Amino acid sequence: QEAGRAPSMRVLNTASAALALSLLALLAWHSQNPTHFELFQASVEADAPQQTTELAWLNKAAFVDQVYMYAGLAVDNKHETGFIAKEIRKHNYQTQVRLFTSLDDATVRAVLWDQAVHCLVWPPFVRYPGISETAKTDLRAYAAAGNNVVFLGNYVAVQFMNDVFGFQLTDDYQNGPYYRNDRNVRNTPFQFLPSRVEQASIETYAVKTRSLPPGGKSMLDTLGATVAFVVRYDMGTVCYVGYNYNTPFHADQWTRVLHCAVKM
């Protein structure tokens with residue numbers, strides 16, 4: 001037994017000595033190359049905030065359960081409306097997108113007086129929507145009562161917002177990318193966006209930031225032009241996203257912008 005135990009002890013001693021030498025070599029290498037470890041640590045720390053932001057966006061997806069969206073003659077139902085409804089429900093498949101097609105007073109009032117739905121989305125207009133003064137008054141009252149009205153972008157939408165809400169928005173155009181306005185996004189869903197959003201196509205429609213009304217805050221902008229802004233309207237909000245969702249390029253980024261607007 002003593003003879004059998006001796007080889008085992010020699011193997012154990014050899015392994016222990018090899019491990020000790022390896023540790024000494026690692027310590028010596030680290031003392032001669034401290035910057036390598038620091039760069040690695042810095043890389044990990046730099047990645048952490050972005051990962052945290054991405055996870056926060058997913059984890060805080062307490063999304064609305066119902067949304068009304070206009071799907072009448074003033075929008076492109078063949079190419080855009082169905083896609084936008086699908087994008088609203090992306091990662092939020094419990095959300096119901098309820099479409100309405102008429103802008104007559106009775107239909108608009110039925111939509112706006114539905115106590116179960118607190119968000120109304122207007123897709124990009126292909127023509128100016130025919131809406132009565134009564135319906136405009138109801139739309140203002142809907143926003144003022146604490147609900148959220150979201151317009152998706154082009155300059156017809158900008159004109160419609162001016163006419164309904166009394167804004168004096170001025171259209172503008174600046175090439176992207178567009179940068180998250182960290183001063184304004186704090187404590188809003190927009191704070192979880194990437195620090196910059198790429199221009200998806202030339203059909204991105206901006207508004208001069210200085211033309212925003214009191215209570216208006218730009219969420220994404222560049223060179224004095226905003227492509228996503230929020231206006232506090234009494235107890236509610238009016239949101240604008242200056243993009244028409246007709247191209248797949250950078251679509252995920254713009255879907256996140258849409259989600260932020262819907263969640264306001």
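Note that this is a predicted model, so its numbers are computed, not measured. We use all heavy atoms of the structure for the numbers below, so side chains are in, but hydrogens, waters and symmetry mates are not.
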### Query
Quick one: are V241 and L152 in side-chain contact, heavy atoms under 4.5 Å?
yes
### Query
Run the ring pair (Phe, Tyr, Trp, His ring centres under 6.0 Å) check on F83 and Y245 step by step: do they pass?
CA-CA 8 Å; F83 177 74; Y245 293 88; 7.1 Å; no
### Query
Is the backbone of A157 close enough, under 3.5 Å, to the side chain of N154 for a donor and an acceptor to pair up by distance?
yes
### Query
So if you build clusters from Ile, Leu, Val, Met, Phe, Trp, Tyr with side-chain heavy-atom gaps below 4.5 Å, do Y128 and L139 land together?
yes
### Task
If the plane angle is over 60° it's perpendicular, under 30° parallel, otherwise tilted; pick one for F125 and W122.
tilted
### Task
State, yes or no, whether a side-chain contact exists between V207 and D172 at a heavy-atom distance under 4.5 Å.
no
### Query
Out of curiosity, L169 CG to F151 CZ, how far, rounded to the nearest 0.5 Å?
10.0 Å
### Task
Over all heavy atoms of both residues, which pair between T209 and T226 is shortest? Give the atoms and the distance, please.
OG1-N, 3.6 Å
### Min side-chain heavy-atom separation F100-M69 under 4.5 Å
no
#### Entry: Non-hydrogen side-chain atoms of Y70 and L103 separated by less than 4.5 Å
yes
### Message
Any heavy-atom pair between the side chains of P124 and V75 that's under 4.5 Å?
### Response
no
### Message
Could you check whether any side-chain N or O of N148 sits under 3.5 Å from a backbone N or O of V262, counting only pairs where one atom can act as donor and the other as acceptor?
### Response
yes
### Message
Could you check whether any side-chain N or O of R256 sits under 3.5 Å from a backbone N or O of A251, counting only pairs where one atom can act as donor and the other as acceptor?
### Response
no
### Query
Would you say L99 and V121 are hydrophobically clustered, going by side-chain heavy atoms of ILVMFWY under 4.5 Å?
yes
### Query
When clusters are formed by joining ILVMFWY residues with side-chain heavy atoms under 4.5 Å apart, either directly or through shared neighbours, do Y179 and F192 land in the same one?
no
### Query
Backbone N or O of I88 within a donor-acceptor pair of the H91 side chain at under 3.5 Å?
no
#### Entry: Straight-line distance of R89 CZ to T255 OG1, nearest 0.5 Å
14.0 Å
### Message
If you define the side chain from C-beta out and look only at heavy atoms, does anything of H259 sit under 4.5 Å from F63?
### Response
yes
#### Entry: Note: D171-K208 ion pair, threshold 4.0 Å (strictly below)
no
### Task
Check for a donor-acceptor pair, side chain of N77 on one end and backbone N or O of A71 on the other, with a separation under 3.5 Å.
yes
### Query
Hey, does V227 have a side-chain heavy atom less than 4.5 Å from the side chain of W254?
yes
### Task
Report the C-alpha separation of N92 and T95 in whole Å, then their side-chain angles, then the decisive distance to 0.1 Å, and conclude whether the side chain to side chain donor-acceptor pair (under 3.5 Å) test is met.
CA-CA 6 Å; N92 306 291; T95 298; 5.3 Å; no
### Query
How many angstroms lie between CG in D105 and CD in E133, if you round to the nearest 0.5 Å?
10.5 Å
### Query
Do E198 and R196 sit within salt-bridge range, that is, some charged N less than 4.0 Å from a carboxylate O?
yes
### Task
Starting at CD of E87, measure out to CD1 of I84 and round the result to the nearest 0.5 Å.
9.0 Å
### Task
Side-chain contact test, heavy atoms from C-beta onward, threshold under 4.5 Å: evaluate it for D65 versus Q96 and give yes or no.
no
### Query
Do any pairs count as a ring pair (Phe, Tyr, Trp, His ring centres under 6.0 Å) and have a residue in residues 206-230, sequence neighbours left out, and if so which ones?
F229-Y240
### Heavy-atom closest contact (G176 atom, Q199 atom, distance)
N-OE1, 2.5 Å
### Message
For L220, is there any backbone N or O sitting under 3.5 Å from a side-chain donor or acceptor partner on N181?
### Response
no
### Query
Got a donor-acceptor contact below 3.5 angstrom from the D76 side chain to the K78 backbone?
yes
#### Entry: Near-ring test Y205/Y243, centroid separation under 6.0 angstrom
no
### Task
For the pair R140 and D138, find out whether any cationic side-chain nitrogen is under 4.0 Å from an anionic carboxylate oxygen.
no
### Task
Return yes if some donor-acceptor pair links the side-chain N/O of D221 with the main-chain N/O of G224 below 3.5 Å, else return no.
no
### Task
Looking only at non-hydrogen atoms, find the nearest pair between C260 and P189 and report the distance.
SG-O, 3.3 Å
### Query
Out of curiosity, does Y155 fall in the hydrophobic cluster containing I131 (side-chain heavy atoms, cut-off under 4.5 Å, transitive links)?
yes
### Message
Applying side chain to side chain donor-acceptor pair (under 3.5 Å) to D163 and Q159, what does each step give before you reach the verdict?
### Response
CA-CA 6 Å; D163 292 345; Q159 184 60 52; 2.9 Å; yes
### Task
Could you tell me whether D114 and R98 make a salt bridge, using a distance below 4.0 angstrom between a side-chain N and a carboxylate O?
yes
### Query
Strictly under 6.0 Å, is that where the ring centroids of W113 and Y142 end up?
no
### Task
Locate the shortest heavy-atom distance separating L193 from R180; write the atom from each residue and the value.
O-NH1, 2.6 Å
### Message
Checking the side chain of S211 only, and the main-chain atoms of T170 only, is there a donor and an acceptor separated by less than 3.5 Å?
### Response
yes
#### Entry: Rounded distance [0.5 Å steps], CE in M264 versus SG in C119
11.0 Å
### Message
Give me the atom names and distance for the closest heavy-atom approach of C239 to M161.
### Response
O-CE, 4.4 Å
### Task
Could you tell me which non-hydrogen atom of D252 sits nearest to which non-hydrogen atom of K90, and how far apart they are?
OD1-NZ, 2.8 Å
### Task
Indicate if V231 and F165 have the same hydrophobic cluster label, given that clusters are the connected sets of ILVMFWY residues with side-chain heavy-atom separations under 4.5 angstrom.
yes
### Rounded distance (nearest 0.5 Å) linking atom OG1 of T204 with atom OH of Y178
4.5 Å
### Message
Please check: side-chain N/O of N184 versus main-chain N/O of K217, any donor-acceptor pairing under 3.5 Å?
### Response
no
